[in-house]
Amino acid sequence: MRNPGSFAESLIERSVDITIGPAPADPDPGVTCRPVMYYKIVTVAGPDHPLAGTQPSPRRLREQTWLLGPSAAADHGAIPALLRRLGVPDHRQQIFQSHAAALEEAKRGRGVAAALSFTVAPEVRKGHLVQFCGPHTGIEEVWHSMILADGGSPSAAAELARFASTPRAIQAMMRGTGINVARFKPSIHVTLWS
(Lines give C-alpha, C1' and ligand atoms only; values in the text may rest on other atoms or scores of the structure.)
Protein backbone atom coordinates (compact mmCIF):
# COMPACT_ATOMS: atom_id res chain seq x y z
CA MET A 1 0.00 0.00 0.00
CA ARG A 2 1.37 3.39 -0.99
CA ASN A 3 0.58 6.81 0.33
CA PRO A 4 -1.94 8.43 -2.09
CA GLY A 5 0.22 11.57 -2.08
CA SER A 6 2.88 9.66 -4.03
CA PHE A 7 0.57 8.20 -6.73
CA ALA A 8 1.42 10.67 -9.51
CA GLU A 9 5.15 10.43 -8.80
CA SER A 10 4.97 6.61 -8.83
CA LEU A 11 3.22 6.67 -12.21
CA ILE A 12 5.65 9.17 -13.74
CA GLU A 13 8.65 7.18 -12.45
CA ARG A 14 6.96 4.07 -13.91
CA SER A 15 7.22 2.14 -10.65
CA VAL A 16 3.48 1.46 -11.06
CA ASP A 17 1.20 1.49 -14.11
CA ILE A 18 -2.12 2.27 -12.39
CA THR A 19 -3.25 3.51 -8.99
CA ILE A 20 -6.68 3.47 -7.37
CA GLY A 21 -7.45 5.79 -4.48
CA PRO A 22 -8.35 9.39 -3.68
CA ALA A 23 -7.98 12.04 -6.36
CA PRO A 24 -4.74 13.99 -6.12
CA ALA A 25 -4.99 17.28 -4.24
CA ASP A 26 -2.80 18.93 -6.90
CA PRO A 27 -3.41 17.08 -10.21
CA ASP A 28 -0.37 16.45 -12.39
CA PRO A 29 -0.98 17.17 -16.10
CA GLY A 30 0.94 13.99 -16.98
CA VAL A 31 -1.65 11.81 -15.23
CA THR A 32 -5.21 10.97 -16.29
CA CYS A 33 -7.60 10.64 -13.36
CA ARG A 34 -10.95 8.84 -13.74
CA PRO A 35 -13.67 8.31 -11.08
CA VAL A 36 -14.09 4.66 -10.13
CA MET A 37 -16.45 4.44 -7.16
CA TYR A 38 -18.36 6.76 -4.86
CA TYR A 39 -18.30 5.70 -1.21
CA LYS A 40 -19.19 6.87 2.26
CA ILE A 41 -17.15 6.68 5.46
CA VAL A 42 -19.23 6.36 8.63
CA THR A 43 -18.39 6.40 12.33
CA VAL A 44 -19.32 3.31 14.36
CA ALA A 45 -18.88 1.88 17.84
CA GLY A 46 -19.84 -1.25 19.73
CA PRO A 47 -23.37 -1.43 21.19
CA ASP A 48 -21.97 -1.11 24.73
CA HIS A 49 -19.96 2.03 23.99
CA PRO A 50 -21.09 5.04 26.12
CA LEU A 51 -21.99 7.06 22.99
CA ALA A 52 -23.95 4.24 21.30
CA GLY A 53 -27.44 5.39 20.38
CA THR A 54 -26.56 9.08 20.67
CA GLN A 55 -25.86 11.81 18.14
CA PRO A 56 -22.46 12.89 19.47
CA SER A 57 -21.12 16.39 19.00
CA PRO A 58 -17.75 16.96 17.33
CA ARG A 59 -16.31 17.70 20.79
CA ARG A 60 -17.52 14.33 22.17
CA LEU A 61 -16.11 12.51 19.14
CA ARG A 62 -12.77 14.32 19.52
CA GLU A 63 -12.54 12.99 23.10
CA GLN A 64 -12.92 9.33 22.04
CA THR A 65 -10.26 6.77 21.26
CA TRP A 66 -10.29 6.30 17.48
CA LEU A 67 -9.56 2.78 16.26
CA LEU A 68 -8.28 3.09 12.70
CA GLY A 69 -6.90 1.05 9.84
CA PRO A 70 -3.71 1.87 7.91
CA SER A 71 -5.38 4.40 5.59
CA ALA A 72 -5.57 6.83 8.53
CA ALA A 73 -1.78 7.27 8.30
CA ALA A 74 -1.95 8.67 4.74
CA ASP A 75 -1.47 12.33 3.90
CA HIS A 76 -4.93 12.61 2.38
CA GLY A 77 -8.04 10.56 1.81
CA ALA A 78 -11.47 10.31 3.38
CA ILE A 79 -10.49 9.07 6.85
CA PRO A 80 -7.65 11.59 7.37
CA ALA A 81 -10.04 14.31 6.15
CA LEU A 82 -12.71 13.22 8.66
CA LEU A 83 -10.17 13.20 11.50
CA ARG A 84 -8.89 16.67 10.54
CA ARG A 85 -12.45 18.02 10.22
CA LEU A 86 -13.27 16.79 13.73
CA GLY A 87 -9.89 17.90 15.11
CA VAL A 88 -9.09 14.45 16.60
CA PRO A 89 -5.70 14.77 18.32
CA ASP A 90 -2.95 12.27 17.44
CA HIS A 91 -2.89 10.82 20.96
CA ARG A 92 -6.55 9.77 20.51
CA GLN A 93 -5.77 7.77 17.33
CA GLN A 94 -4.77 4.09 17.43
CA ILE A 95 -3.80 2.69 14.04
CA PHE A 96 -4.03 -1.06 13.43
CA GLN A 97 -2.46 -3.22 10.74
CA SER A 98 -5.91 -3.71 9.16
CA HIS A 99 -9.30 -2.05 9.15
CA ALA A 100 -10.84 -5.36 10.25
CA ALA A 101 -8.70 -5.38 13.41
CA ALA A 102 -9.79 -1.83 14.24
CA LEU A 103 -13.47 -2.78 13.78
CA GLU A 104 -13.08 -5.81 16.06
CA GLU A 105 -11.80 -3.51 18.81
CA ALA A 106 -14.73 -1.14 18.19
CA LYS A 107 -17.19 -4.05 18.57
CA ARG A 108 -15.68 -4.65 22.01
CA GLY A 109 -16.48 -1.04 23.02
CA ARG A 110 -12.85 0.09 23.14
CA GLY A 111 -13.44 3.19 21.00
CA VAL A 112 -15.00 4.47 17.81
CA ALA A 113 -13.99 3.53 14.28
CA ALA A 114 -14.30 5.08 10.84
CA ALA A 115 -15.19 2.58 8.12
CA LEU A 116 -16.65 2.19 4.64
CA SER A 117 -20.42 2.16 5.08
CA PHE A 118 -20.95 -0.90 2.86
CA THR A 119 -18.40 -2.94 4.81
CA VAL A 120 -20.01 -2.33 8.21
CA ALA A 121 -23.66 -2.42 7.10
CA PRO A 122 -24.08 -6.16 7.91
CA GLU A 123 -22.57 -5.66 11.39
CA VAL A 124 -24.86 -2.67 12.01
CA ARG A 125 -27.91 -4.71 10.92
CA LYS A 126 -26.91 -7.55 13.30
CA GLY A 127 -26.43 -5.08 16.16
CA HIS A 128 -22.70 -5.81 16.53
CA LEU A 129 -21.91 -2.18 15.69
CA VAL A 130 -23.89 1.06 16.07
CA GLN A 131 -23.58 3.77 13.44
CA PHE A 132 -23.57 7.37 14.65
CA CYS A 133 -25.83 9.90 12.97
CA GLY A 134 -25.19 13.56 12.37
CA PRO A 135 -23.63 15.82 9.76
CA HIS A 136 -20.10 15.50 11.16
CA THR A 137 -19.98 11.70 11.67
CA GLY A 138 -19.33 10.71 8.06
CA ILE A 139 -17.84 11.83 4.79
CA GLU A 140 -18.53 10.98 1.14
CA GLU A 141 -15.68 10.59 -1.32
CA VAL A 142 -14.70 9.09 -4.67
CA TRP A 143 -11.95 6.62 -5.52
CA HIS A 144 -10.17 7.38 -8.79
CA SER A 145 -8.00 5.34 -11.10
CA MET A 146 -4.91 7.13 -12.34
CA ILE A 147 -2.69 6.28 -15.30
CA LEU A 148 -0.16 8.19 -17.36
CA ALA A 149 -1.75 10.59 -19.83
CA ASP A 150 -1.20 10.72 -23.59
CA GLY A 151 -0.83 6.99 -24.16
CA GLY A 152 2.13 6.72 -21.79
CA SER A 153 0.54 3.80 -19.95
CA PRO A 154 0.61 0.23 -21.19
CA SER A 155 -2.64 -0.79 -22.87
CA ALA A 156 -3.30 -3.28 -20.05
CA ALA A 157 -3.22 -0.45 -17.48
CA ALA A 158 -5.62 1.64 -19.56
CA GLU A 159 -7.95 -1.34 -19.89
CA LEU A 160 -7.81 -2.01 -16.14
CA ALA A 161 -8.60 1.67 -15.44
CA ARG A 162 -11.61 1.42 -17.77
CA PHE A 163 -12.78 -1.88 -16.24
CA ALA A 164 -12.39 -0.65 -12.63
CA SER A 165 -15.29 1.79 -13.07
CA THR A 166 -17.75 -0.79 -14.46
CA PRO A 167 -20.60 -2.16 -12.34
CA ARG A 168 -19.09 -5.66 -12.56
CA ALA A 169 -15.76 -4.53 -11.07
CA ILE A 170 -17.43 -2.47 -8.35
CA GLN A 171 -19.60 -5.44 -7.38
CA ALA A 172 -16.49 -7.63 -7.14
CA MET A 173 -14.79 -5.07 -4.89
CA MET A 174 -17.82 -4.81 -2.61
CA ARG A 175 -18.92 -8.44 -2.43
CA GLY A 176 -16.14 -10.87 -1.80
CA THR A 177 -17.06 -14.49 -1.24
CA GLY A 178 -15.54 -16.75 1.38
CA ILE A 179 -14.16 -20.18 0.61
CA ASN A 180 -13.24 -23.29 2.57
CA VAL A 181 -9.93 -22.96 4.45
CA ALA A 182 -8.43 -25.88 2.50
CA ARG A 183 -8.94 -23.96 -0.76
CA PHE A 184 -7.78 -20.53 0.53
CA LYS A 185 -4.82 -18.94 -1.22
CA PRO A 186 -3.36 -15.57 -0.21
CA SER A 187 -4.02 -12.44 -2.23
CA ILE A 188 -2.25 -12.08 -5.55
CA HIS A 189 -0.62 -8.81 -6.51
CA VAL A 190 -0.39 -8.07 -10.22
CA THR A 191 2.55 -6.17 -11.66
CA LEU A 192 2.11 -4.91 -15.23
CA TRP A 193 5.30 -4.53 -17.24
CA SER A 194 5.55 -2.16 -20.17
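Taken from CG in Leu51 to OG1 in Thr137, the straight-line distance is 11.5 Å, to the nearest 0.5 Å. One distance of note links CE of Met146 with OG of Ser10; it measures 10.0 Å at 0.5 Å rounding. Distance check, rounded to the nearest 0.5 Å: CZ of Arg59 to CD of Glu63 gives 4.5 Å. Separation of atoms CD1 (Ile18) and OG (Ser145) is listed at 5.0 Å; rounding is to 0.5 Å.
In terms of modelled atom types and a separation under 3.5 Å, the side chain of Trp66 and the main chain of Asp90 share no donor-acceptor contact. Between the side chain of Arg62 and the backbone N or O of Pro89 there is no donor-acceptor pair closer than 3.5 Å. No donor-acceptor distance shorter than 3.5 angstrom exists from the side chain of Glu140 to the backbone of Tyr39, with no hydrogens or angles considered. His99 contributes no side-chain N or O that, together with a main-chain N or O of Leu116, makes up a donor-acceptor pair within less than 3.5 Å. A distance-only check finds no donor-acceptor pair linking the side chain of Thr43 to the backbone of Phe132 [under 3.5 Å]. With Gln64 contributing its side chain and Arg60 its backbone, the two residues share a donor-acceptor pair below 3.5 Å. A distance-only check finds no donor-acceptor pair linking the side chain of Arg125 to the backbone of Val120 [under 3.5 Å].
Side-chain heavy atoms closer than 4.5 Å link hydrophobic residues (I, L, V, M, F, W, Y) into clusters, and following such links, possibly through other members, connects Val36 to Phe118. Under a hydrophobic-cluster definition in which Ile, Leu, Val, Met, Phe, Trp and Tyr are linked whenever side-chain heavy atoms come within less than 4.5 Å, directly or via other members, Leu61 and Val124 are assigned to different clusters. Note: the hydrophobic cluster containing Val42 does not contain Leu68 (ILVMFWY, side chain heavy atoms under 4.5 Å, direct or indirect links).
The residue from Asp17, Val16, Asp28 that alone fulfils the side chain to side chain contact (heavy atoms under 4.5 Å, CB included) condition with Leu11 is Val16.
The minimum heavy-atom distance between Gly46 and Ala52, with the atom names listed, is O-CB, 3.6 Å. Taking all atoms of both residues into account, the shortest heavy-atom contact from Gly69 to Ile95 is O-CG2, 3.5 Å. The two residues Leu67 and Ala106 come nearest to each other via the heavy atoms CD1-N, 3.4 Å.
At least one side-chain heavy atom of Pro24 sits less than 4.5 Å from a side-chain heavy atom of Cys33. With contacts defined as side-chain heavy-atom distances shorter than 4.5 Å, the pair Leu103/Val44 qualifies. For the pair Lys40 and Ile139, the minimum side-chain heavy-atom distance is 4.5 Å or more. Taking the side chain as every heavy atom from C-beta outward, His144 and Val142 approach each other to under 4.5 Å. You'll find the side chain of His49 stays beyond 4.5 Å of the side chain of Val130, heavy atoms only. At least one side-chain heavy atom of Leu83 sits under 4.5 Å from a side-chain heavy atom of Gln93. Counting heavy atoms from C-beta outward, Gln94 and Arg110 have side chains that stay 4.5 Å or more apart.
A salt bridge is defined here as a Lys NZ or Arg NE, NH1 or NH2 lying under 4.0 Å from an Asp or Glu carboxylate O, and Lys107 with Glu123 meets this definition.
Residues forming a ring-ring contact (aromatic ring centres under 6.0 Å, His included) with Phe96 (at least two apart in sequence, or on another chain): none.
Annotation: Arg92, atom CZ; neighbour count of heavy atoms from other residues, nucleotides and ligands within 6.0 Å is above 12.
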